[in-house]
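What follows is a set of notes on a single structure, which appears directly below.
Because only heavy atoms are used, hydrogens play no part in the values below, and waters and symmetry mates are left out as well, while side chains stay in. So that the names make sense, note that chain A is the first sequence line, chain B the second, and so on, each numbered from 1.
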Amino acid sequence: MEVLDPVFLSRLQFAFVVSFHAIFPAFTIGLAAYIAFLEAKWYRNDDPIYRQLSEFWTRIFAVVFGMGVVSGIVMSFQFGTNWSEFSFAAANFIGPIISYEVLTAFFMEAVFLGVLLFGRDRVPRGTHLFAACMVAIGTFISSFWILSANSWMHTPAGFELRDGIFYVTSWIEAIFNPSLWYRFAHVAVASLLTGAFVVAGVSAYYLLRKREEEANRRALSMALWMILFTAPAQAFVGDLHGLNTFEQQPIKVAAMEGNWETREGAPFYLFAWPDSEAEENRFSVGIPNAASFILTHDWHGEVPGLKEVSADERPPVGVVFWSFRVMLAIGVIMIAIAVWSLWLRIRGRLFVSRGLQRVLQWMIPAPFIAVLAGWFVTETGRYPWLVYQHMTLAEGVTPSLTGGMVLATLIGYVAVYAIIFSAGIYYLSRIVVKGPESVDKYASTEVAPSRPMSLVNIPFEENEQR
Amino acid sequence: MELIDITLIWVGLVGLAVIMYVVLDGFDLGVGILYPLLPNEQARDHMMRSVAPVWDGNETWLVLGGAGLLAAFPAIYSIFLPALYIGVFLMLAGLIFRGVAFEFRFKSQRYRHWWNIAFAGGSTVAAAAQGFVVGAYVQGFEVEGFTYVGGAFDWFTPFTLFTALSLVIGYALLGATWGIMKTEGETQKWLYGATPWILGATAVCLFVVSIWTPLTQPTVMERWLEEWQRLWVMPFIGLVSTVLVMWGVVKRSDFMPFFSAIGLFLSAYAGILASKLPYAVPPQITFREAASAPESQLFLLLGILFMLPIVLGYTAWTYWVFRGKVQHSGGYH
């Protein structure tokens, strides 16, 4: 492949920008729900610990949300700059959907985020709780619209093609396309899991250091309940999503399984080294008949292999195969932790076990890796299609682009994001190190009117007091 | 002829989103542009605090404008963005640095200097990039069918360089007059002193652009000569607005300079549109040709009719909540 190929570089650039952006909403959706829950508990029980936890986690939320917004603006322009032919052809559907996201979600989040961050002493408690719920609902509405657009590109429906332009014939069919609900459920549960694992990990970090133990025990307990329900649920939802993909995009599933030949009783490979040149796996270790059973619920069911389509219509097998296994492995570890925590809870040792706390502390990056791996599976698995079976990536790319232009801006985005990300991570770690102790349980929360991160009054540097 | 001309409604809606963005983000970008010139750190504090509660809401109009363009006039979206590829990147990078500077500057002592640079530099780069967009629009695009076929730097000409400079200075005027309205004491005094200079520079820029455009574009020249009986209103409003800004400064009025500066922007915006309409992508594609399918325009229009009043209501409400002068004490500290 040519190094300065605009299609390849545009894919790389889009993958980089999306991956960078995706980790923020994956976290804020779950965290917004958690904050709304804490606010509801505080509203009902009047227990200041819930309020303390809510205020602490709202600080983290504010910073992460701010970074998500900034990187999101870039996303909305990427369609036009690098994929102008796709934008032009699919505008009749994609345009209104993204506009609806702006109108129904972005503005709603903005309205109520202001009240959530700065309105505690200015609005009645019920209104404040309402604002927290609205922010949480807003994040879900936002992901609904963007996943509708994304799902449509995987399983396009409700349209007809005339002169290379997509015309919507049924909005219902197009918006609620065949893979939308599976994708939405999978992403929503992933977000809840991400939020829960971060809360659990940070709470465990404090418990290991014996800081604010009462509040953090409660936070840890809540997060582990959430993990107990969502980790197994994710396995179930993921299986349904996989079956849907098997039905809609069988070649993607063949790549996920590393399955070259169409065959009955296909094994599930735990390990394999897919070789696209030779069209076979090297060093494979598999469970006999397991893939057939998972996909067809029959030990001898027939599953199509990659050789069903010509070599240029196959996704990069290695990337899809290994991303899928990374996601699965993290999912299995998450379920194991859920079971372990239940067992400790039953024995009354949930807060005593240093082992669990240490593991949870180290698990903080895991959900993010799983989310990214999942995106890699689904997005690279679509290759070479941009709109599945209707438009290829090469057809969708901006014709006037040169490799040099894409490379220059790619390096630019990497540099900009590297600076912003380090500043953000550094600042977040400062908030975590300061901890919930820095939230006065009974103090007035009167702060300056500004949004979104400015609620956080912690100085940027270590040696600074005010 | 249909009963309701949806495409025409969409021209109005996208036009509204763009002018909302230009005026709203214009003054907060302008604050960033003025930043290095401000007399002291305290004035910088006041100016940044005056826009901190509203800037991200302002920027949402940019996203709405972009998404609305994609939905209603995909040809514009898919020709402008590739044609302005490098410029769009610079604008986004500028907006990112400036956006995070809002959040980090107040919490930083040791690095405050860097966040100041990020804020001022980001704002100026973003404003200049938008000025290049305006110039490129006036200048026209090399198009085959609905695809941009020109080079990566076609947008970079002496003319667009001048429109970029003009918009940076124009935004600075909006920022300065906004500051007059929102601050008091030393900061306001400094702004009263600076505004006439910025106003003078803006007026010169607008005058030069007004002469330069018809000279390079025969079609624009014809348009203005033929329709002068109707079009004279726009330069007239521009002239009156300029006088009113100056008068507001002399009278030490809090509000008049800012709202007159908005009038100046409206007249310039209307003037540019009047020179180019009905062309959406000059010099070939009209806005009717650029339009998306009628059913798509209608589908989104229903949502807009329902949601836009709510959005406008919210915007007005935030400005009401944060009305009045910026407080001297408190704030972020």
Side-chain angles (χ1 to χ4, degrees), chain A residues 63 66-67 69-74 76-77 79-81 84-85 87-88 91-96 98-104 106-107 110-111 114 165 167-168 171 398-402 405 408-409 412-413 416 420 423-424 427 448-454 456-461 464 466, chain B residues 49 52-53 56-57 59-60 62-64 66-68 70-72 74-75 77-83 85-86 88-89 92-93 95-97 99-100 103-104 106-111 146-150 152 292-293 295-296 299-300 303-304 307-308 310-311 314 318 321-322 330-333:
Chain A
V63 177
M67 294 178 59
V69 166
V70 180
S71 58
I73 293 179
V74 175
S76 61
F77 284 93
F79 299 115
T81 50
S84 69
E85 291 290 289
S87 300
F88 186 65
N92 286 332
F93 176 67
I94 302 283
I98 295 177
S99 301
Y100 267 107
E101 187 185 5
V102 181
L103 284 169
T104 60
F106 290 175
F107 280 107
V111 176
I165 307 285
Y167 289 88
V168 179
W171 288 99
T398 301
S400 60
L401 274 191
T402 61
M405 284 161 74
T409 52
Y413 281 120
V416 171
I420 299 312
Y427 191 52
S450 60
R451 288 179 292 132
M453 293 190 221
S454 311
V456 195
N457 289 321
I458 294 169
F460 202 84
E461 298 97 359
E464 186 182 333
R466 90 183 46 190
Chain B
R49 220 177 284 156
D56 60 338
E59 236 158 61
T60 308
L62 179 67
V63 182
L64 184 66
L70 174 62
Y77 184 83
S78 58
I79 290 170
F80 275 38
L81 289 182
Y85 191 79
I86 305 286
V88 169
F89 166 74
L92 294 173
L95 290 179
I96 290 173
F97 276 117
V100 295
E103 311 303 338
F104 290 147
F106 283 105
K107 291 126 196 170
S108 184
Q109 288 288 323
R110 209 189 318 160
Y111 301 122
F146 290 102
T147 303
Y148 178 70
V149 293
S292 60
E295 52 267 33
S296 293
F299 175 66
L300 185 56
I304 294 253
M307 291 303 298
L308 201 62
I310 297 174
V311 168
Y314 156 67
T318 4
V321 168
F322 299 108
Y332 288 84
H333 298 278

Original post:
If you take all heavy atoms of A/Pro96 and B/Leu300, which pair is closest and at what distance?
Top reply: O-CD1, 3.9 Å

Subject >> Choice from B/Ala72, B/Gly150, B/Ala75 maximising heavy atom contacts with chain A below 4.5 Å >> reply: B/Ala75

**OP:** Output the distance between atom CH2 (A/Trp171) and atom CZ (A/Phe93), rounded to the nearest 0.5 Å.
**Re:** 7.0 Å

Original post:
At a heavy-atom separation under 4.5 Å, does B/Ile304 approach chain A through its side chain, its backbone, both, or neither?
Top reply: both

Original post:
Closest approach of B/Ala293 and A/Asn92, non-hydrogen atoms and distance?
Top reply: N-OD1, 2.9 Å

Subject >> Contact origin within A/Ile73 toward chain B - heavy atom pairs under 4.5 Å >> reply: both

Original post:
For the ring pair A/Phe77 and B/Phe89, is the centre-to-centre distance below 6.0 Å?
Top reply: no

Original post:
Under a 4.5 Å heavy-atom cutoff, which of A/Thr398, A/Ile98, A/Val168, A/Leu401 has the most pairs with chain B?
Top reply: A/Leu401

Original post:
Among A/Ser76, A/Gly80, A/Ala408, A/Pro399, who wins on heavy-atom pairs under 4.5 Å with chain B?
Top reply: A/Gly80

Original post:
For A/Glu85, is it the side chain, the backbone, both or neither that has a heavy atom under 4.5 Å from a heavy atom of chain B?
Top reply: side chain

**OP:** Verify the distance criterion only: is there a donor paired with an acceptor across the side chains of A/Thr409 and B/Tyr85 at less than 3.5 Å?
**Re:** yes

Original post:
Side chain, backbone, both or neither: which part of A/Tyr167 has a non-hydrogen atom closer than 4.5 Å to chain B?
Top reply: side chain

Original post:
Is it the backbone or the side chain of B/Leu92 that comes under 4.5 Å from a heavy atom of chain A, or both, or neither?
Top reply: side chain

**OP:** Compare every heavy atom of B/Gly68 with every heavy atom of A/Ser99, then report the nearest pair and how far apart it is.
**Re:** OG-N, 3.7 Å

Subject >> Distance, nearest 0.5 Å, that separates OG of A/Ser87 from CG of B/Leu70 >> reply: 5.5 Å

Subject >> Pick from A/Thr402, A/Val416, A/Thr81, A/Ile165 with the largest number of heavy-atom pairs that fall under 4.5 Å of chain B >> reply: A/Thr81

**OP:** Please state whether the side chain, the backbone, both or neither of A/Phe106 comes within less than 4.5 Å of a heavy atom of chain B.
**Re:** side chain

